[in-house]
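Below: one structure, written as structure tokens.
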Amino acid sequence: MIINSNLKKLSKTYLFTQVTEKVENYKKLNPGVKLINLGVGDYTLPLCDAVVKKLREAVNNLSKKETFRGYGPEEGYLFLRESVKKYYKTKGVDLDTDEIFISDGANSDIGNVLELFSKDNPVLIPDPVYPAYVDANIIHGRKIEYLNATQENNFLPGIPKDEVKSRIIYICSPNNPTGATYNYSQLKAFVDYALETGSVIMFDAAYESFIKDQNLPSSIFSIEGAKKCAIEICSFSKIAGFTGVRCGYTVIPEEMVYEDSNMNKIYKRRLAARFNGVSYISQMGANAVFSREGTEQVNENLDYFRKNAKILSSVFEKKGIFYTGAKNSPYIWFKCPSGMSSWDFFDYLLEKFNIVGTPGVGFGKNGENFFRLSSFGTLEETELATEKLLKL
Ligand code: MLT
């Protein structure tokens, strides 16, 4: 049997697995040491009451003959797509429910949407960025080019200056790991570029709920022309702690047409062949996020993490260390002290301060000498970490 040789091209371990392995190893060697985990961006607050109530109701429905449901629509239940549509309306974006596809989270759909486009299209991925983009494209055997995000451009690289056509361009804004967020005119430049070159933008909006600044767009569809050239991928993980429940959504506009083919219709056809939909239970829970009660409770949680981000960023303010993020993002991205490499600083923080973070180089070569801290920890741990970091 000949295997997909692209799989052999993946880095030996996925970034977060590598971090977990190092941490587990440290724990084994240092039993009893309490670690502060500001590494992976995972929620530390429980699901909010409104969500839990609906999850219970869903289980209850499945337990009775009259309300039991089997297979659901692969694109997701209409009740949830209606709620997502209303949510976008609050951002000034008009969507049709047929343009919304409920997914099991952003990570899967980052790879799934690639099946819409030929492997011959070059892919442009920011560096540094969430490593799943690179991995998904390596598995597909695509040619990857990088868009350099550096301290010089505040980790917000602009459009490429070359003439390459038909690119698949990934944008993550607010960015993971840097927290840097594009403004309207910066995103408009990407949309214009995509329209001119026949390219497509894969817009990862997983962290949109952290945007507080009214001058920053939280959807690519706030930009004129984007419906012709962009796909938006989002998730309930970071807004409502669905990292374990699993639910997200992807928007593929009806207006998106390449080679006379309606990409929305093609994706729907592909979905029927490849996916039986997200669990009814998860979708019921996700729908509660948009209820009045759910919105209030979710916002309280987001404020909790925003406060953590502010507390953490105070370290870098006080010390005058370059950092991005924290303001419209749950991540703080900063330069390692004394020119340390990302992994050396990881070891240093772990061993000296018992703090777990994420080495910047794990997100791409431009992340070398940088480091990411997550504000998804508990307030107590965040305060303790801040105290320790101030002594650094
Ligand atoms: C991260 O820490 O970058 C993310 O939480 C990982 C993920 O979303 O899969």
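Indexing begins at 1, ligand by ligand and atom by atom, following the structure's order.
Which parts of ligand 1 touch Gly41 is read off a 4.0 Å heavy-atom cut-off, strictly below it: atoms 1 (C), 2 (O), 5 (O). Here is the list of ligand 1 atoms found below 4.0 Å of a heavy atom in Phe16: 1 (C), 2 (O), 3 (O), 6 (C). Proximity to Tyr331 (heavy-atom distance under 4.0 Å) selects the following atoms of ligand 1: 1 (C), 2 (O), 3 (O), 4 (C), 5 (O).
Ligand 1 is never approached by Phe376 to a heavy-atom distance shorter than 4.0 Å.
When only non-hydrogen protein atoms are considered, atom 7 (C) of ligand 1 lies nearest to Tyr130 OH, 3.2 Å. With respect to atom 4 (C) of ligand 1, the closest heavy atom belonging to the protein is Lys238 NZ, 3.4 Å.
Results of the side-chain contact (heavy atoms from CB on, under 4.5 Å) test with Phe345 over Asn369, Val361, Leu392 single out Leu392 as the only residue that passes.
Every N/O-N/O distance between Tyr14 and ligand 1 stays at or above 3.5 Å.
Taking the charged nitrogens against the carboxylate oxygens, Arg81 and Glu99 have no contact shorter than 4.0 Å, which rules out a salt bridge. Salt bridge Lys22/Asp347: present, at least one basic N to carboxylate O contact under 4.0 Å.
Between Tyr77 and Tyr280, the ring center distance clears the sub-6.0 Å criterion. Ring centroid separation for the pair Phe210 and Tyr331 does not come in under the 6.0 Å cut-off. Ring centroids of Phe370 and Phe363 are separated by 6.0 Å or more, keeping the two rings apart.
Residue contacts with ligand 1, taken as heavy atom pairs separated by less than 4.0 Å, involve Asn176 solely via side-chain atoms from C-beta onward.
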